[in-house]
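Lettering follows sequence order; numbering is per chain, from 1.
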Amino acid sequence: MEVLERYLQAVKPLLPRDQREDIFAELESDLRSQFEERASELGRSLTEAEQEELLKEVGHPLILAGRYQPNRGTLTFGRELIGAELFPFYQRVLTLLMGITGLFHIALLIVIGALGNPDPNPIGGLIVHLGVQFAIVTGLFAFIQHDLVKNPERYALHGKTPPRQPDSIRKARFEAVMQLIVLLAVFPWVHSVLWPTYVAFPPGRLGPIWHSSYGFVLALFLVDIAQSVFSIFRPDAARIRATVRLTLTASWIVLLGFILGAGNWVVLPHQSVTVRKAAEISSINHYVFYYGLIGTIVGASIQLLFDIAKLVRVSKQESVRLSGAR
Amino acid sequence: MSGTNFENLRLELRRGCLVLAVLAELRVERYGYTLRKSLANHGIEIDEGTLYPLLRRLEGQGLLGSEWREEEKRQKRFYRLSPDGELILEQLLAEWQTLGLSISEILKETHDGSTRTLLTGS
């Protein structure tokens with residue numbers, strides 16, 4: 001019954017909190033009855049493939065749990081973009097993301113204001129950020145919905161998945177969701193700093209190196225977002241996750257090294273500046289950016305060591321499991 | 001395209017009928033799995049992902065009552081039509097029969113009309 005156990009553990013955290021235990025108990029009881037009856041018809045216990053075949057008919061955990069949600073709205077622009085099963089999760093992600101962004105934005109405004117350079121248009125920036133996030137999250141969910149309708153088989157259980165501890169699956173999925181939320185919250189802010197060719201950083205402005213590195217940063221963010229989405233649906237693919245994470249950390253170190261090598265992170269806005277302003281810029285370059293970048297590279301290098309250790313550990317575990325299966 | 005249209009319309013038509021079928025089946029006490037089997041035996045296939053949320057919704061509306069009880073060494077949740085549910089079922093069945101008769105009448109008229117047109121050629 002391990003397949004059923006894994007399936008139920010995947011459904012449980014997605015159920016409405018106030019009825020979770022009750023729904024879970026009912027599902028478990030009825031599915032076990034169904035499994036037992038099928039086994040008694042065959043006169044033997046069910047194989048993993050047979051168990052998964054029965055669960056395919058019940059539906060993907062996300063879809064099954066979605067049907068229990070009290071909020072059964074949909075998002076429709078001409079045609080249905082996000083159906084009733086996914087809509088509660090879409091709404092939850094959007095609310096959480098926008099809440100974090102709002103708080104982050106307010107905190108940033110307070111810090112900037114305290115430094116004596118208040119943002120002249122604080123609401124405009126927030127609206128742009130929220131708009132970008134809304135578009136990304138909606139696009140992502142609309143894509144999943146489209147794929148779900150077109151290829152329902154893809155969302156069935158994965159027949160060849162090796163058995164795993166339900167806790168590790170839950171933890172991996174939770175981490176992936178949180179990572180996706182943070183990435184989507186931070187990316188619009190990074191975009192607004194790196195994309196424009198000119199960003200004021202009183203008394204100077206950000207140097208051209210930041211704008212030049214935008215393409216690389218965008219690529220790293222997109223890979224990270226794709227990896228998070230993949231991990232939500234395949235939390236069992238630990239080795240792929242560890243490999244991508246290690247590659248990403250290494251890429252960030254390369255990028256940071258490239259930025260560090262450029263030197264002039266803040267430059268003079270124009271030539272006619274006083275000696276005092278030039279000294280201020282030099283001190284910002286030296287104390288804020290130079291040490292800041294070095295510190296970040298050291299931190300990322302330590303992270304890289306953890307990533308390598310994790311990849312080795314996960315690879316060993318998978319080898320042991322595969323040899324056990326043989 | 002017409003395949004998708006048919007599927008959407010079929011699902012829409014089925015949705016209302018499912019409620020009626022479930023209420024009718026639950027004049028006798030059953031738990032989820034036996035209810036599903038009983039519906040399937042009458043030609044109405046319904047998956048768990050649709051049935052259980054529907055049962056909860058109907059219970060929330062006061063049309064069903066439920067209780068947990070042990071049977072065959074397992075705790076199971078048994079559902080049964082509530083007095084309100086019985087009343088609603090009666091009303092829905094009357095509506096169902098009226099609708100059925102109306103549709104038959106419409107089809108009969110259309111069929112007669114088509115036959116007349118074919119015979120007269122006008």
Side-chain angles (χ1 to χ4, degrees), chain A residues 1 4 7-8 10-11 14-16 18-41 53-72 74 76 79-80 83-86 88 146 148-150 152 155-157, chain B residues 1-12 14-16 18-19 22 25-26 29-41 43-62 64-80:
Chain A
M1 291 278 181
L4 177 58
Y7 179 81
L8 289 167
V11 174
L14 304 171
L15 292 169
D18 55 337
Q19 300 177 61
R20 186 173 294 162
E21 293 304 327
D22 198 42
I23 296 172
F24 179 78
E26 183 175 24
L27 270 177
E28 184 182 24
S29 154
D30 286 8
L31 289 174
R32 284 197 194 282
S33 297
Q34 191 176 334
F35 274 48
E36 279 170 10
E37 190 174 295
R38 184 81 185 115
S40 103
E41 277 168 16
E53 199 53 45
L54 282 174
L55 289 175
K56 268 185 191 174
E57 289 171 23
V58 186
H60 189 278
L62 193 68
I63 304 300
L64 177 63
R67 288 181 175 155
Y68 281 101
Q69 302 297 327
N71 178 0
R72 304 269 295 145
T74 58
T76 307
R79 67 186 183 86
E80 191 177 88
E85 286 92 358
L86 282 184
H146 176 74
L148 185 74
V149 172
K150 214 173 165 188
Y155 293 83
L157 293 175
Chain B
M1 191 65 183
S2 68
T4 317
N5 270 344
F6 169 70
E7 192 52 31
N8 288 341
L9 292 168
R10 191 183 72 86
L11 285 174
E12 210 171 300
R14 207 176 116 90
R15 208 169 290 142
L18 276 181
V19 173
V22 166
E25 280 290 345
L26 289 175
E29 188 183 63
R30 295 178 203 278
Y31 76 100
Y33 179 51
T34 50
L35 170 62
R36 205 166 78 88
K37 278 207 318 185
S38 173
L39 286 167
N41 288 340
I44 300 176
E45 296 283 351
I46 179 169
D47 59 84
E48 287 92 341
T50 306
L51 179 63
Y52 296 130
L54 173 64
L55 288 172
R56 285 187 173 259
R57 210 173 68 237
L58 294 174
E59 191 183 16
Q61 290 167 354
L64 301 179
S66 75
E67 69 166 334
W68 282 96
R69 221 172 42 236
E70 192 175 301
E71 191 192 80
E72 293 163 353
K73 295 179 186 168
R74 176 163 300 145
Q75 285 291 325
K76 292 173 182 172
R77 184 184 196 136
F78 289 86
Y79 292 90
R80 196 194 168 96

Original post:
Given a strict heavy-atom distance threshold of 4.5 Å, which part of A/E28 is in contact with chain B: side chain, backbone, both, or neither?
Top reply: neither
Subject >> A/R20 CZ: over 12 foreign heavy atoms closer than 6.0 Å >> reply: yes
Subject >> Partner residues of B/F78 under the ring pair (Phe, Tyr, Trp, His ring centres under 6.0 Å) criterion, sequence neighbours left out >> reply: B/Y31
**OP:** Can you see which heavy atom on B/D47 is nearest to which on A/R67, and at what distance?
**Re:** OD1-NH1, 3.3 Å
**OP:** Before accepting this row, confirm whether a basic side-chain N of the pair B/R56/A/D22 lies closer than 4.0 Å to the acidic partner's carboxylate O.
**Re:** yes
Subject >> B/R36 CZ to A/S33 OG distance, which is reported to the nearest 0.5 Å >> reply: 11.0 Å
Original post:
B/R57 versus chain A, heavy atoms under 4.5 Å apart: side chain, backbone, both or neither?
Top reply: neither
**OP:** Kindly give the heavy-atom pair with the smallest separation between B/Q75 and A/S29, and that separation in Å.
**Re:** O-OG, 3.0 Å
**OP:** Using a 4.5 Å cut-off on heavy atoms from C-beta on, say whether the side chain of B/Y52 contacts that of A/L27.
**Re:** yes
Original post:
For A/A65, is it the side chain, the backbone, both or neither that has a heavy atom under 4.5 Å from a heavy atom of chain B?
Top reply: neither
Subject >> Nearest heavy atoms of B/Y33 and A/D30, plus distance in Å >> reply: N-OD2, 3.3 Å
Subject >> Proximity breakdown for B/T34 and chain A, heavy-atom pairs closer than 4.5 Å >> reply: neither
**OP:** Taking all non-hydrogen atoms of both residues into account, name the closest pair between B/Y79 and A/E26 and its distance.
**Re:** OH-OE2, 2.6 Å
**OP:** Would you mind checking which part of A/L31 comes under 4.5 Å of any heavy atom in chain B, side chain (CB onward), backbone (N, CA, C, O), both or neither?
**Re:** side chain
